[in-house]
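Before any comments, here is the structure.
The shown structure was predicted, so the numbers you read here are calculated from the model rather than taken from an experiment.
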Amino acid sequence: MHTTFPDVDADEAEVILDLYDRYEDRADTSRVDLSTLEGTIAAVQGMEFYDRAVDAIEYLWDMGARPIGIGTTRVTFRVDKHTVAKVPIEGRGVFCCIRESDLSESSGKTGYIPIADCHIDDDMLILWMESVTPHVGDYETLPDWTWSIDGFQVGYDRDGVLVAYDL
């Protein structure tokens, strides 16, 4: 069997390589202690949006929100039973927050890719998103659009609607 790969122009190749480098740099984040404010801040130290992220993290921490995960571009907090907040820690994270907010506003859950309800706080660069219960089980039965979502980060909103929660 012969595998073919799509042609990638030089700019796309640079972006892809940059993402792999960032992922390798952040690969140890699963061992980062997010249970304390200091640990959470230490996890984003040196990132491009460090100063803004610290302000947002401290704000969320003061309101009782706690981090539930850290990715290559954002830290996600559980705000309450129905809300999560995503804080960008580098440029691509800002882009992702804006993209998800714009898509939610323009087509919401009726577009080709239904997305969890969300909006961005432009001042603090926090994306406020409805909480979603991740899909667990057979991915073969999911709609075609789910294959375009990184890591099948899809799940069900409170009404049982299948939505993407990370683009």
Side-chain angles (χ1 to χ4, degrees), residues 11-12 14-27 29-30 32 34 37 39-135 145-159 161-167:
D11 290 338
E12 287 178 301
E14 282 298 314
V15 169
I16 292 167
L17 290 172
D18 184 45
L19 285 173
Y20 277 114
D21 289 344
R22 289 183 203 177
Y23 181 77
E24 283 187 12
D25 291 344
R26 310 271 314 147
T29 58
S30 62
V32 171
L34 296 179
L37 175 60
T40 304
I41 290 173
V44 302
Q45 201 158 14
M47 297 304 290
E48 182 181 351
F49 280 79
Y50 174 74
D51 293 333
R52 290 197 70 162
V54 168
D55 291 343
I57 288 167
E58 288 176 340
Y59 170 77
L60 290 165
W61 200 276
D62 287 345
M63 69 183 295
R66 294 297 179 260
I68 56 174
I70 183 168
T72 56
T73 65
R74 301 183 283 187
V75 180
T76 302
F77 285 77
R78 162 83 48 218
V79 177
D80 58 35
K81 183 178 178 181
H82 302 294
T83 311
V84 297
K86 298 178 180 184
V87 177
I89 54 178
E90 58 100 68
R92 194 161 292 280
V94 175
F95 169 77
C96 291
C97 287
I98 292 169
R99 181 175 168 220
E100 288 170 4
S101 180
D102 287 350
L103 186 58
S104 177
E105 184 178 309
S106 66
S107 59
K109 297 176 185 176
T110 62
Y112 175 69
I113 297 177
I115 186 164
D117 290 336
C118 59
H119 67 280
I120 194 165
D121 175 333
D122 292 325
D123 294 328
M124 300 218 45
L125 285 182
I126 297 173
L127 181 76
W128 301 94
M129 180 177 274
E130 72 175 315
S131 184
V132 172
T133 303
H135 173 80
W145 63 264
T146 59
W147 293 91
S148 65
I149 304 302
D150 182 36
F152 285 102
Q153 295 181 75
V154 298
Y156 302 92
D157 69 6
R158 286 187 280 175
D159 297 323
V161 175
L162 183 67
V163 294
Y165 59 86
D166 193 0
L167 298 179

*Identify the two heavy atoms, one from Leu34 and one from Pro67, that lie closest to each other, and give their separation to 0.1 Å.*
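Distance-wise, the nearest heavy atoms are O-CG, 3.2 Å.
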*Which heavy atom in Pro88 sits nearest to a heavy atom in Ala53, and how many Å separate them?*
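Closest approach of Pro88 to Ala53: O-CB, 3.8 Å.
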Kindly indicate whether the side chain of [X], heavy atoms from C-beta on, has any atom under 4.5 Å from the side chain of [Y].
X      : Y      : value
Val87  : Val44  : no
Val154 : Trp145 : yes
Asp166 : Asp150 : no
Phe152 : Pro134 : no
Gln153 : Val132 : no
Leu127 : Arg74  : yes
Met129 : Thr76  : no

Roughly how far, to the nearest 0.5 Å, is [atom2] of [Y] from [atom1] of [X]?
X      : Y      : atom1 : atom2 : result
Met124 : Leu60  : CE    : CG    : 7.0 Å
Arg52  : Met47  : CZ    : CE    : 15.5 Å
Glu130 : Asp159 : CD    : CG    : 8.0 Å
Ser101 : Ile115 : OG    : CD1   : 8.5 Å
Tyr165 : Ser131 : OH    : OG    : 10.0 Å
Leu162 : Thr133 : CG    : OG1   : 11.5 Å

_Can you confirm whether Glu105 is buried at CD, in the sense that more than 12 heavy atoms of other residues, nucleotides or ligands lie under 6.0 Å from that atom?_
no
*Does Asp157 come within less than 4.0 Å of Lys109, counting only side-chain N to carboxylate O?*
yes
_Ring geometry between Trp128 and Tyr59 (parallel below 30°, tilted from 30 to 60°, perpendicular above 60°)_ = perpendicular
*asked:* Using the rule given for side chain to side chain contact (heavy atoms under 4.5 Å, CB included), can you reason through Ile120 versus Ile126, listing the C-alpha separation, both sets of side-chain angles and the distance that settles it, and then say yes or no?
replied: CA-CA 6 Å; Ile120 194 165; Ile126 297 173; over 6 Å; no
*Is the backbone N or O of Cys118 less than 3.5 Å from a side-chain atom of Ser104, with the two atoms forming a donor-acceptor pair by type?*
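It does hold such a pair.
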*Is a donor on one side and an acceptor on the other found under 3.5 Å between the side chain of Arg66 and the backbone of Trp61?*
yes
